[in-house]
Amino acid sequence: MKEEQKEETFTPLERWIPKTSIGKAVKKGELTDLNIILNKGEKILENEIIDTLLPNLSTDLLEVGQSKGKFGGGKKSIWRQTQKKTKEGNKIRFSACAIVGNQDGFVGLGRGSSRETMPARDKATRQAKLQIIKVRRGCGSWKCGCGEPHSIPFKVSGSVGSVTINLMPAPKGTGLVIEKECAKILKFAGIKDIHTKAYGNKRTKINLVYACFDALKELSKVKMPNDYNKKAGVLSGNEQH
């Protein structure tokens with residue numbers, strides 16, 4: 001009897017054929033550090049780049065929607081449902097908001113919509129990988145001064161729509177004193193202690209989480225003296241001192 005030939009199976013990354021110059025460099029192994037890409041301000045157009053450079057990436061969906069209850073109430077849901085009235089009837093679409101991160105200085109937030117739930121989830125996850133950012137961490141609380149990157153180095157603010165959120169450094173052991181879905185974003189970024197204050201229509205979850213993400217972006221825009229970086233133990237992404 002002839003021996004049966006085993007079919008070769010390839011992972012999605014092995015089947016990946018990059019189209020951009022960054023993707024080709026990552027595929028060849030010439031580029032192995034995501035910090036280099038983000039430091040140059042390069043735009044990532046292929047989510048396989050993130051899958052290759054951050055293999056330990058975690059993903060989750062944020063509760064930005066609300067499902068209908070029996071008596072007019074509702075409970076939180078990861079799906080945000082919208083309807084469009086047409087001559088053919090109501091056309092329903094689902095949208096989802098995904099968060100990705102390695103809990104060590106990298107986090108991304110993305111949104112996707114589709115007529116079905118699973119494609120919406122996949123689109124949101126891919127978009128989150130393409131929108132990944134470096135998060136600057138440190139110990140900016142005068143009550144602590146431990147010099148470890150457990151919080152943020154200074155106060156920052158982020159705004160989306162009518163929502164504004166302030167992120168403030170907190171001493172060790174404080175925890176994430178922030179709304180539940182925003183806490184997921186900070187946890188995925190590797191931040192363990194934070195104080196916050198939010199203003200505006202905070203019930204609009206999608207604006208609240210994007211305002212939190214916008215505040216994290218602001219951390220990398222402020223220039224700080226080297227002596228303060230050492231004193232506060234500031235890390236950018238997963239770079240070492």
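Everything quoted here is computed from the prediction, not taken from an experiment.
Within a 6.0 Å sphere centred on CD of Glu116, other residues, nucleotides and ligands contribute 12 heavy atoms or fewer. Few gaps surround NZ on Lys27; more than 12 heavy atoms of other groups in view lie less than 6.0 Å from it. Few gaps surround CZ on Arg15; more than 12 heavy atoms of other groups in view lie less than 6.0 Å from it.
In this structure, Ile78 CD1 and Leu62 CG are separated by 10.0 Å, a value rounded to the nearest 0.5 Å. Atom CD1 in Ile50 sits 10.0 Å away from atom CG in Asn102 (nearest 0.5 Å). To the nearest 0.5 Å, the span separating CZ on Arg126 from OG1 on Thr59 amounts to 13.0 Å. With values rounded to the nearest 0.5 angstrom, Gln127 atom CD is found 5.5 Å from Leu130 atom CG. The distance from the CD atom of Glu42 to the OG atom of Ser21 is 7.0 Å, given to the nearest 0.5 Å.
Between the side chain of Thr174 and the main chain of Ala170, no donor-acceptor pair closer than 3.5 Å is present. Judged purely by atom type and a 3.5 angstrom limit, Glu14 uses its side chain to pair as donor or acceptor with the backbone of Thr11. Judged by distance alone, the side chain of Glu181 and the main-chain N or O of Val209 form no donor-acceptor pair under 3.5 Å. No donor-acceptor distance shorter than 3.5 angstrom exists from the side chain of Ser114 to the backbone of Pro119, with no hydrogens or angles considered. Remark: side-chain polar atoms of Gln81 are not paired, donor with acceptor, to backbone N or O of Arg93 under 3.5 angstrom. Proximity of a side-chain donor or acceptor of Lys123 to a complementary backbone N or O of Ser113 within less than 3.5 Å is detected.
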Determine, step by step, whether Lys184 and Asp60 satisfy the side chain to side chain contact (heavy atoms under 4.5 Å, CB included) criterion, reporting the C-alpha distance in whole Å, the side-chain angles of both residues, the deciding distance to 0.1 Å, and the verdict.
CA-CA 9 Å; Lys184 291 182 182 179; Asp60 197 5; 3.9 Å; yes
Ser159 and Thr164: side chain to side chain donor-acceptor pair (under 3.5 Å), yes or no, with the steps?
CA-CA 4 Å; Ser159 298; Thr164 299; 3.0 Å; yes
Determine, stepwise, if the pair Ile194 / Thr196 fulfils side chain to side chain contact (heavy atoms under 4.5 Å, CB included).
CA-CA 7 Å; Ile194 204 81; Thr196 57; 4.1 Å; yes
Could you go step by step and tell me if Lys172 and Glu148 meet the salt bridge (charged side-chain N to carboxylate O under 4.0 Å, His left out) rule?
CA-CA 9 Å; Lys172 251 186 178 181; Glu148 297 180 11; 2.5 Å; yes
Assess the residue pair Ser151 and Asp193 against the criterion (side chain to side chain donor-acceptor pair (under 3.5 Å)); give the C-alpha distance rounded to whole Å, side-chain angles, the decisive distance to 0.1 Å, and a yes or no.
CA-CA 5 Å; Ser151 186; Asp193 305 288; over 6 Å; no
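Across all non-hydrogen atoms, the minimal contact from Ser95 to Arg111 is OG-NH2, 4.1 Å. Closest non-hydrogen pair, Lys24 versus Pro18, comes out as N-CB, 3.6 Å. Scanning all heavy atoms of the two residues, the minimum distance from Pro153 to Leu219 falls at CD-CD2, 4.2 Å.
By the 4.5 Å heavy-atom criterion applied to side chains, Ile133 and Phe213 are counted as neighbours. Side chains of Phe188 and Leu57 form no contact here, defined as non-hydrogen atoms less than 4.5 Å apart. In this structure the side chain of Phe94 never reaches within 4.5 angstrom of the side chain of Thr82, judged on heavy atoms. Residues Ile132 and Leu109 have side chains not in contact (no heavy-atom distance under 4.5 Å, counting atoms from C-beta outward).
The hydrophobic cluster containing Tyr228 also contains Val135, counting ILVMFWY residues as joined when their side-chain heavy atoms lie under 4.5 angstrom apart, directly or transitively. Hydrophobic clustering (ILVMFWY, side-chain heavy atoms < 4.5 Å, transitive): Ile191 and Phe106 are in distinct clusters. Linking ILVMFWY residues whenever their side-chain heavy atoms come closer than 4.5 Å, directly or via other members, places Ile206 and Leu186 in the same cluster.
Comment: Asp104 engages Arg137 in a salt bridge, judged by a side-chain N to carboxylate O separation of less than 4.0 angstrom.
Applying the salt bridge (charged side-chain N to carboxylate O under 4.0 Å, His left out) rule to Lys43 yields no partners; only residues at least two apart in sequence or on another chain are considered.
Here side-chain hydrogen bond (donor to acceptor under 3.5 Å, both in side chains) pairs that include residues 204-215, with residues two or more places apart or in two chains, are Glu179-Lys205, Asn201-Thr204.
At a cut-off of 3.5 Å, with distance as the only test, a side-chain donor of Asn35 or Asp33 sits close to an acceptor on the other residue.
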